[in-house]
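Below is one structure, written out as structure tokens; the observations come after it.
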Amino acid sequence: MMHPKKALEARKLGQEINQLFLSLIDERRKMIRGSGPQNDLLGLLLKQSEHGGFTKSLTTKEVVDECKTFFFGGHETTALAITWTMLLLATHQDWQDQLREEIREVVGDKEIDVNMLSGLKKMGWVMNEVLRLYPSAPNAQRQAKADIQVSHDLSIPSGTNMWIDIVGMHHDPALWGDDVNEFKPERFKDNIHGGCKHKMGYLPFGFGGRMCIGRNLTFLEYKIVLSLILSRFSFTISPTYCHSPSIVLSLRPSDGLPLVLQPL
Ligand code: HEM
């Protein structure tokens, strides 16, 4: 249970966030009346909230909730994936060089373009490996809708809430082998599961019908941001860095990630 003072603070913060989204929604509604709907996510949600469509209309509270899900689900997860990548590239200069070389080959002197991103293959392996070692979303949740008989001595009663430990699965030597804790992006070279012995053992974006809806956008953002950084700077880890990953909903470095950047 949360300390009452903390609970009060959390409630106040929650209200502030709701208020912030409500004012953004209000502003956007006024804009829509002036210049018509906009086809970004908020524009589409508001169109649905005002005109319904095939399904029922969304209430303003539901629009606020959707905004919160997308904002919190979409922002920090990608930012953390890039953060942990910076750590691993700072401590694995060979991979930093390989990615820079790949960017030179694929992007060259041109401005980066979305059609180039699929050519950044090694960067894709690196992202997969970073999300294996440091999954930004460290667990997924499910509720049993019926009694489940997992094995002869394990049954899960209907209604049980389950936390699926993604960090634990991604660090299980029985699934990955003795080099489980090593940074080896080449695991993903010819294998989308990274060579994991169980096809459900690698789940950075969850699974099934509720799998992360933003995963393709993440790959896009990740590759663009990383290409821009790598083509402008080389970097090493600052001597003040203290390795202390912690789970506060997401998996983050508790004392930040100080780096030493060198312009190229
Ligand atoms: C590295 C980046 C990301 C990671 C690791 C990540 C991970 C996850 C995970 C583990 C889930 C739960 C899936 C499940 O329960 O099976 C999830 C759900 C979700 N994610 Fe992401 N995510 C990322 C980026 C994004 C982005 C960029 C967006 C949107 C802009 C986004 C939007 C969502 C939404 C809306 C859900 C809920 C889907 C639903 O319940 O149907 N995520 N994500």
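Note that the numbering runs from 1 along the sequence shown for the chain. In this text, all values refer to a predicted model and were calculated from it rather than measured experimentally. Counting starts at 1 for both ligands and their atoms, in listed order.
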Should you measure from each heavy atom of [X], which atoms of ligand 1 turn up under 4.0 Å away?
X	answer
G206	10 (C), 13 (C), 14 (C), 16 (O)
L217	30 (C)
A137	7 (C), 10 (C)
T69	35 (C)

Open item on the list: For ligand 1 and F207, I'd like to know whether there is a polar contact (N/O to N/O, distance under 3.5 Å).
Closed with: yes
Nearest to [atom], what protein heavy atom do you find, and at what distance?
atom	value
atom 23 (C) of ligand 1	T77 OG1, 3.4 Å
atom 21 (Fe) of ligand 1	C212 SG, 2.3 Å
atom 27 (C) of ligand 1	T218 OG1, 3.2 Å
atom 4 (C) of ligand 1	F205 CE2, 3.5 Å
atom 35 (C) of ligand 1	I213 CG2, 3.5 Å
atom 15 (O) of ligand 1	R142 NH1, 2.8 Å
atom 41 (O) of ligand 1	R210 NE, 2.8 Å
atom 7 (C) of ligand 1	P204 O, 3.5 Å

Task: E129/K184 ion pair, N-O < 4.0 Å - done: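 Result for this pair is no, no salt bridge flagged.
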Open item on the list: Determine whether the aromatic ring centres of residues F188 and W125 are separated by less than 6.0 angstrom.
Closed with: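 No, the ring centres sit 6.0 Å or more apart.
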- [ ] Find out whether K121 and V106 are in side-chain contact, i.e. whether some heavy atom of one side chain is under 4.5 Å from a heavy atom of the other.
- [x] no
TODO: Tell me, please: is P135 in heavy-atom contact with ligand 1, that is, under 4.0 Å?
DONE: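 No.
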Task: Closest non-hydrogen atom pair between Q96 and L230, with its separation - done: CG-CD2, 3.7 Å
- [ ] Provide the closest heavy-atom pair for L259 versus A90 in the form atom of the first, atom of the second, distance.
- [x]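 Result for this residue pair: CD2-CB, 4.0 Å.
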Task: Parallel, tilted or perpendicular: ring planes of H92 versus F183, cut at 30 and 60 degrees - done: tilted
Open item on the list: Tell me whether the NZ or CZ atom of R252 lies within the 45° cone about the ring axis of W84 and under 6.0 Å from its centre.
Closed with: no
- [ ] Tell me, please, whether F207 has R142 positioned over its six-membered ring: NZ or CZ under 6.0 Å from the ring centre and within 45 degrees of its axis?
- [x] yes
Task: Polar contact flag, side-chain donor to acceptor under 3.5 angstrom, T85-Y134 - done: no
Task: Short side-chain donor-acceptor distance under 3.5 Å, N216 and T218 - done: no
Open item on the list: Yes or no, since that's all I need: does a protein heavy atom fall within a distance strictly under 4.0 Å of atom 25 (C) of ligand 1?
Closed with: yes
